[in-house]
Amino acid sequence: MSLLFEHMAALQVAVPLLSAPVCSLLRGGRQPWFLALAVSWFAFFASISLLIQVLDSGDISYHMGNWAPPFGIEYRVDAINAFVLLIISGISAVALPYARLSVAHEVDPRRHGQFYTAYLLCLTGLLGGTITGDAFNIFVFLEISSLSAYVLVAAGARQDRRALTAAYNYLVLGTVGATFFVIGIGLLYMVTGTLNITDLAERLPPLVDNRAVQAGFAFIIVGMGLKLAMFPMHTWLPNAYTYAPSTVTVFLASTATKVSVYVVLRFLFTVFGPSYGFVGLTFEYIFLPLAILAMFIGSAAAIYQTNLKRLFAYSSVAQLGYMVLGIALGNVAGLTATVLHLFNHALMKGALFMALGCVALRIGAVSINGVRGLGREMPWTFAAIAGAGLSLIGVPSTVGFISKWYLILGALENGWWPVAVLIVASSLLAVIYVWKIIEAAYFGAAPEGRGPVSEAPLEMLAPLWLMVVANFYFGIDADLTTSVAGKVAATFLGGGS
Amino acid sequence: MLDAILAHYNYWLIIILMMIGLYIVISRGNLVKKIVGLNIFQTSVFLLYITLAKVTGGTAPILTGKPEIFSNPLPHVLILTAIVVGIATTALGFALVVRIRESYGSIEEDDILAAERAEEEIAVKEALS
Amino acid sequence: MGAEMITIVNIVLLTMLCFSAVAIMLLRHLFAVAALTGAFSLLSAGLLVALDAVDVAFTEAAVGGGISTVLMLGTLALTQRREHRPPRFSLPALLVVIATGGALIYATSDMPAYGDPNAPALQHVVPVYIEGSRNDIGVPNIVTSILASYRGYDTLGEVAVIFTAGIGVMFLLGRRREDEDDEGMVRHGPGNDPESSEPEETAS
Amino acid sequence: MSTEMALALTLLIPSLGGIAIAWAGRYPNLREAVTLITASVLFAVVISLLQQVADGGAPTLMLIEVLPGLPLMLKVEPLGMLFGCVASGLWIVNSLYSFGYMRGTNETNQTRFYICFAIAIASSMGIAFAGNMFTLFIFYEILTISTYPLVAHKQNAEARSGARLYLGLLIGTSIGFQLVAIIWTWVAAGTLDFTIGGILRDKIDPTMLPILLALYMFGIGKAALMPFHRWLPAAMVAPTPVSALLHAVAVVKAGVFTVLKVVIYIFGIELLSETGASGWLIWVASFTLLAASLVAISKDNLKARLAYSTISQLSYIILGAALASSLGVLGGALHIATHALGKITLFMCAGAIYVATHKTEISDMQGLGRVMPFTFAAFCIGALSIIGLPPFAGSWSKWYLALAAADTGMVLVIAVLMISSLLNVAYLMPVVARGFFRPAPAPQPVGAAVAPGARFGLAEAPLLCVIPPCLTALGCLVLFFYADEVVDLLRPIVG
Amino acid sequence: MKHHLILRVVSKLLIPFILLFALYVQFHGDYGPGGGFQAGVLFASAFILYALIFGVDNAREVLPSKALRFLVPVGLIIYALTGFAGIVMGGKFLDYDVLAQDPQHGQHLGILVIEFGVGTTVAAVMVTIFYAYAGRTRDVDDEDW
């Protein structure tokens, strides 16, 4: 047993990685799903135990192949990536019980083995990109997750052929982003001679004025910006989320962009540092305006969507704007908001896309007109949408409120009044698009020709409601999440200056 | 001046190459061409890495027993990995192109967008009626 | 090879690479593009050899000149041979490219000079690899020892990437004949095929 | 029963009641019995707390700490006690009335109606007993959301657009202004607990106080301060019991109650009067008061007229707060109770008229008083109370307000109060006059089929629609004589 | 392409040499350029050449899709299990030192095994991709030629 805990950092990624090829060997039927479920739960268990270890006894460093860093690849777990690991594996652990029926409905049964293999690979990539302490290893694992994500998005082609073009655009932009990231790593390597993140952080300070370092910084941020759909590099996101199978949307929307945000945080605060002149400048002159534009343009675009999945996809663009805004604020409260929102946004988007998956299971396409009057026929599903929608708006006692609270605190701490007002104003846009759905579902008349619709099966409702309850639970008792996020933020800012 | 040129000409030519690749990715509407552009872009990044590894008078990093100057082997390793990632991306990209062609009957971005817009309009009209 | 000789080879090869890239951009006959892409890869493999990266050159020749050309030809056989639209000028693309290229040129001024034996990258980690490859691992090819042992975990990831691509292509293109009956129908419809979203279908 | 338990029950009872109603939804009689029992039990629990508060106690219940230093907590103080009593007490009366009205007009979705009503009451209790601004804000938002389905109840285009305006304005102002103000307060003072004398003294630049106050005042959209009053007339598309309890009592009173809470416990009366930060508010409130009365005169639709009257009356309370004197605050607080009794009477009468005759326009009500004497008598009493004539309760609150104005030397405000009382007469009495003194146009209006007392040539609405307004009208009279007790209860809030 | 006699003869001669070269590259990677990846590609190209000359159906008889579907994951599994072996033998993940009696032998063994894994997966994936393309029906307009 002690062996298990000693190697937990490696197992966190190695077990899903091994399970993926095993999954592709399975016969089909329920087996691939069951394997993915078991592996997700193991990963969840591993990430919990890692987080506990980190909080109890400090950072964990695991040397792959027993080569000491910076020569070998190091896994380095601290509070922040343990937290992100928890988000990824937690979402996966909840999404998989939900997945079985939804996937059975949306994906060709003969492709289930491959589908779950791709899913496991995606999980592996995200976990591996998060946990690693090696800059190039981040690239490798994020590419595993990205490539499998392209496949998973394209799996929606059975429902709508636009999934193919969405996956293609995602592939092109994602690859450009990854290549930018590689260029950035190369520039940093060129002047420091190391790829290990901790080592990089130690060797960079004398090189602040080196132009290669500055350009490297820019390339890394732009590259990850493409992957995290930072406005205006978000163009791949709406269609990819819209046409992917429901389960895929649930998983990707709650995890994939989060990992990219994490990587940006890691580079901004661990490798570089806000005290470096060029880093500080980007906060105020690049991140801040882009974040605000994202908040408003994303929300405004969401209001005009008729396809509900696309509506929430645009809302994700806006929500990612909040995360970037928290970084731009550059203080502990703002950074706490960003880290918190990684978690909180995963909860609300996870719940919302799960609910849309339930609707898709029953009526096919999820358009605003299609759901008219469904509130009575699928009461649990739509109550979940209402609950998670409130969280998205940021109503008190939901997680969305906690994030916004810290964001506004951060803005006020800097004395940025207009920003605080803009945060609030953008929540009001969320009221509009969420209410559009509520109104259609509860107060609209059913479209003609739609027969009676039954409620989604319990197997899907239970995970959905677990997420909804979490939205409220962590909104009312935010102590756990805020203390971790606050600790992370303090470490980042303390270490950077 | 000449020194500066000699010191960096290799990088500059590679950067030009890289930018041609990136330009193809962004500006071409043909889906196959885009992926070819992506390949050129990536290949030039590989060249950038290998260039930075080169040591004047060095040899390939293989131990032969004689004391020698080696070029930096680490970027070689990284690029081996990156090439594999590149070919994996290319394979997936082409597979998607084949499927897109089967669905839309075209691999030109303009045609596909036009088809998608038409579909969207029909959907909106159905929704409104 | 003398240093000057290498310089000349470098410049010639890079210039040829640039020309073939421009040709790829302008040509509309995609077969020609495929052939040029193969040539591009072989040229860069040559350049890689000149830069002492024999392993990489080998791989680039096999992958770029071989596999990806075959893939592209296969794709063209299944799609179309000509690009329908003539090349057109795109200002946004140009701006992005200029900005990116500008950033890189800006970076070059502080980069270590080409071929500099005192470059920081050579001082830090690499000496340990060379010694370790000789003493700890006992593998003459330093690239292999780093690839398989020091950074063996990266390589594990690399295999996973290839595996992902294999699964992905199988998912997208595999077993067409068996699938035709149920997928072909949906593929040609405008999306939301009512047949595929009947509630009864999933009632089980 | 421990105090904490009782306090928790004030939230739990209506919530559980809501669940029980949902469960009993298929059996209307059972459902309505559940509603009535819930309402009565709730009132009993609230009353059980009353004595303790009157003795100067402050029952407190800590629910959970959401963020460090930011708990969800309940704490009863006199003002909240008053609001709690009013809301829970009138719920009983209103429930009776709802049964009659909803059945009389054959409304659909009645179960949803009663569930949302229970949730709205639960959140009103939460507002009344909130121990800090954060808790209050949460219940404030729940109240908004839970009343939305009630406003949109009819589900037609008109109801939907009205409800949209309702939700948009209330959520918009609360998130847009109030939340910002709360966070500002938190940043400045480091706490949000309601404390006598306020928490902002020396914590914030006095020149910024008016701005913060403005964020609060306009952020509390439920207080219907112009120009954010439009939601109230829009909400009149709701069934009348909703208008009666929620838009005369729970929702709008929650708004002005919050205003008083903010003025008393966040800013502190003394701080406001020292710095004069609320000076501007006196004039905005006065303007709203007069302007809304003028608009009310121009409305022919009875419920619309009453809605504008409500806007006007709410500004009395805001005015009392803005005067920043103890008398003003007392008057405002008292007006919460007196106006609630008066206005609920008027609304219930309007509903009774609609049930009996399907008439909504005042100009159609000629001679109705003769066939519906009880309804119109109740209406008359409610109107007189609102106008402020003794021996009806409304006179006391106006008296205190006038005293406060005189005390602070605001002669102009006294004039405003005078004029507005005249305007009250002008828009309320014509209804009574038309009903009693104008002859009915032939043919006689056809009463509801089940009209009780038809034998006597009467055409009243069902009994359940008539008795409640009579009860509340009686309440207006009774409260006049017991006003002193209420004031005594309230004294501690002004120190 | 059945009638291209010269091609058939030449390729029949060539293919064994390619396979041999692939094996050389696979196991000589320690000493010179090459390794599992390059060897895998070479293996695959030998099969692809065979398929091109003798038809995909013949190739499928030599290397059926079923076998491929087995080989694709097996390479990765071998690699990952080597990593786990490191843990089981008392080292870290992917620690080759502990695999044999002394570290250097361990390293040799480890590298040999994982290179074999790489080669297997790469070759199998490449052939799989080729089969996938070949299994697709062409539907190309004449004007495109």
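Here is how names work: the chains are called A, B, and so on, in the same order as the sequence lines, proteins then strands, and each is numbered from 1.
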Next item on the list: Go through the atoms of E/I129 and report whether side chain, backbone, both or neither lie under 4.5 Å from a heavy atom of chain C.
Entry: both
Notebook entry, point to check: Which bit of C/I167 comes within less than 4.5 Å of chain E, counting heavy atoms only: side chain, backbone, both or neither?
Noted result: neither
Next item on the list: Could you tell me which portion of E/F93 (side chain, backbone, both or neither) has an atom closer than 4.5 angstrom to a non-hydrogen atom of chain C?
Entry: side chain
Checklist line | Interface residues of residues 116-128 of chain C facing chain E - heavy atom cut-off under 4.5 Å | finding: none
Notebook entry, point to check: Using a cut-off of under 4.5 Å for heavy-atom pairs, which of C/L147, C/L71, C/N135 has the most such pairs with chain E?
Noted result: C/L71
Checklist line | Proximity breakdown for C/I67 and chain E, heavy-atom pairs closer than 4.5 Å | finding: side chain
Check: Which answer fits C/T75, side chain, backbone, both or neither, if we ask what part of it has an atom under 4.5 Å from a heavy atom of chain E?
Finding: both
Note to self: According to side-chain contact (heavy atoms from CB on, under 4.5 Å), who are the partners of C/L17, at least two apart in sequence or on a separate chain?
What the structure shows: B/L17, B/L47, C/L14, C/F40, C/L43, C/S44, C/L47
Notebook entry, point to check: Quick one: what part of E/L76 sits under 4.5 Å from any heavy atom of chain C, side chain, backbone, both or neither?
Noted result: both
Next item on the list: Show your reasoning for whether side chain to side chain donor-acceptor pair (under 3.5 Å) applies to C/Y114 and C/N10.
Entry: CA-CA 12 Å; C/Y114 165 70; C/N10 275 355; 2.9 Å; yes
Notebook entry, point to check: Taking every heavy-atom pair that is under 4.5 Å apart, which of E/E115, E/Q107, E/H105, E/M126 has the most such pairs with chain C?
Noted result: E/Q107
Check: By a 4.5 Å heavy-atom criterion (distance strictly below it), what part of E/S45 contacts chain C: side chain, backbone, both, or neither?
Finding: neither
Margin query: With chain E as the partner, which of C/D136, C/I142, C/V143 has the greatest number of non-hydrogen pairs under 4.5 Å?
Written below: C/D136
Checklist line | Interchain contact, E/Q38 with chain C, by part (heavy-atom threshold 4.5 Å) | finding: side chain
Checklist line | Residue E/L68 versus chain C: region with a heavy atom under 4.5 Å | finding: neither
